[in-house]
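Structure, as structure tokens:
Hydrogens, waters and symmetry mates are skipped; everything else that's a heavy atom, side chains included, is used. One-based numbering, in listed order, for ligands and for the atoms of each.
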Amino acid sequence: MTERRLLLVNGPNLNLLGTRQPEIYGATTLAQIDERVAVLAAEFGLAVRAVQSNHEGVLIDQIHAARADCAGIIINPGAYSHTSVAIADALIAVELPVAEVHLSNIHRREPFRHHSYVSAVAEMVIAGAGPLGYEMAVRYLAGRLTP
Ligand code: DQA
């Protein structure tokens, strides 16, 4: 059987985790999150391809590519959550189960963060759990993908 894989997508400014507004986003770096996700996913027999970009089109290309070799997508779209119909459309197009993660609780923050276009596409949404949210997403998709 070929190895099953998750695509882990992080959007704009998430490359700065660890130093970016730590009072909101915490001290954990993206490299540490990627590592935790990979280790946990491996426990479920899942590989992970982790991508981060500050560019909407690159994120869309990565989502499209997932159709060929991924079984599910974990995505923190960052600010594109609140603006990007194009990313939501890409997620719809690839027809893979989507778990949406936000480190912060977007519903406790400014009103413009309360709506996410991706949430209408995602099977599960977790916001406000910090890096633990990514681990919850792995556990969700691992259960979801169990034959
Ligand atoms: C975020 C919340 C977004 O509103 C913000 O633009 C981000 C990060 C989060 O993880 O809490 O970049 O998605």
Side-chain angles (χ1 to χ4, degrees), residues 4-44 46-67 69-145:
R4 288 188 310 165
R5 183 179 294 104
L6 301 178
L7 178 68
L8 170 61
V9 183
N10 278 284
N13 302 306
L14 293 167
N15 55 310
L16 300 179
L17 285 178
T19 57
R20 174 193 181 200
Q21 295 179 280
E23 69 284 3
I24 294 176
Y25 298 115
T28 307
T29 66
L30 185 59
Q32 290 169 328
I33 289 171
D34 287 349
E35 174 68 11
R36 280 192 209 177
V37 166
V39 168
L40 181 60
E43 290 179 20
F44 295 100
L46 294 165
V48 178
R49 179 162 66 244
V51 299
Q52 187 279 329
S53 179
N54 298 318
H55 304 277
E56 190 174 18
V58 173
L59 295 168
I60 291 167
D61 288 343
Q62 291 288 346
I63 292 165
H64 289 177
R67 180 151 54 178
D69 64 354
C70 292
I73 299 177
I74 300 170
I75 183 165
N76 182 345
Y80 286 140
S81 316
H82 320 302
T83 64
S84 181
V85 174
I87 287 175
D89 276 352
L91 292 167
I92 292 168
V94 298
E95 298 182 313
L96 294 170
V98 174
E100 178 183 2
V101 176
H102 298 281
L103 291 149
S104 65
N105 182 353
I106 55 176
H107 303 289
R108 284 180 72 176
R109 301 182 62 194
E110 305 96 317
F112 68 84
R113 297 184 199 275
H114 293 182
H115 176 262
S116 165
Y117 286 100
V118 170
S119 297
V121 181
E123 288 190 10
M124 73 89 86
V125 182
I126 182 88
L132 186 60
Y134 291 91
E135 297 180 38
M136 293 172 172
V138 171
R139 289 182 187 281
Y140 171 77
L141 287 175
R144 167 73 168 75
L145 297 171

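Heavy atoms from other residues, nucleotides or ligands lying under 6.0 Å from CZ of R139 number 12 at most.
Contacts of Y140 classified as side-chain contact (heavy atoms from CB on, under 4.5 Å), with partners at least two apart in sequence or in another chain: E123, M124, R144. Evaluation of the ring-ring contact (aromatic ring centres under 6.0 Å, His included) rule for H55 yields no partner, not counting sequence neighbours. Take T83 and apply the side chain to side chain donor-acceptor pair (under 3.5 Å) test, not counting sequence neighbours, and it matches no residue.
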Short N or O separations between ligand 1 and the protein, below 3.5 Å:
unit_1: ligand 1; atom_1: 4 (O); unit_2: H82; atom_2: NE2; d: 2.7
unit_1: ligand 1; atom_1: 4 (O); unit_2: R113; atom_2: NH1; d: 2.8
unit_1: ligand 1; atom_1: 6 (O); unit_2: A79; atom_2: N; d: 3.2
unit_1: ligand 1; atom_1: 6 (O); unit_2: R113; atom_2: NH1; d: 3.1
unit_1: ligand 1; atom_1: 10 (O); unit_2: N76; atom_2: ND2; d: 2.8
unit_1: ligand 1; atom_1: 10 (O); unit_2: L103; atom_2: N; d: 2.8
unit_1: ligand 1; atom_1: 11 (O); unit_2: L103; atom_2: N; d: 3.3
unit_1: ligand 1; atom_1: 11 (O); unit_2: S104; atom_2: N; d: 2.9
unit_1: ligand 1; atom_1: 11 (O); unit_2: S104; atom_2: OG; d: 2.6
unit_1: ligand 1; atom_1: 12 (O); unit_2: R20; atom_2: NH1; d: 3.1
unit_1: ligand 1; atom_1: 12 (O); unit_2: R20; atom_2: NH2; d: 3.1
unit_1: ligand 1; atom_1: 13 (O); unit_2: N76; atom_2: OD1; d: 2.8
unit_1: ligand 1; atom_1: 13 (O); unit_2: H102; atom_2: ND1; d: 2.8

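The shortest side-chain heavy-atom distance between L6 and I73 does not fall under the 4.5 Å cut-off.
Taking the six-membered ring where the residue is Trp, H82 and F112 present perpendicular rings, their angle passing 60° and hence far from 30°.
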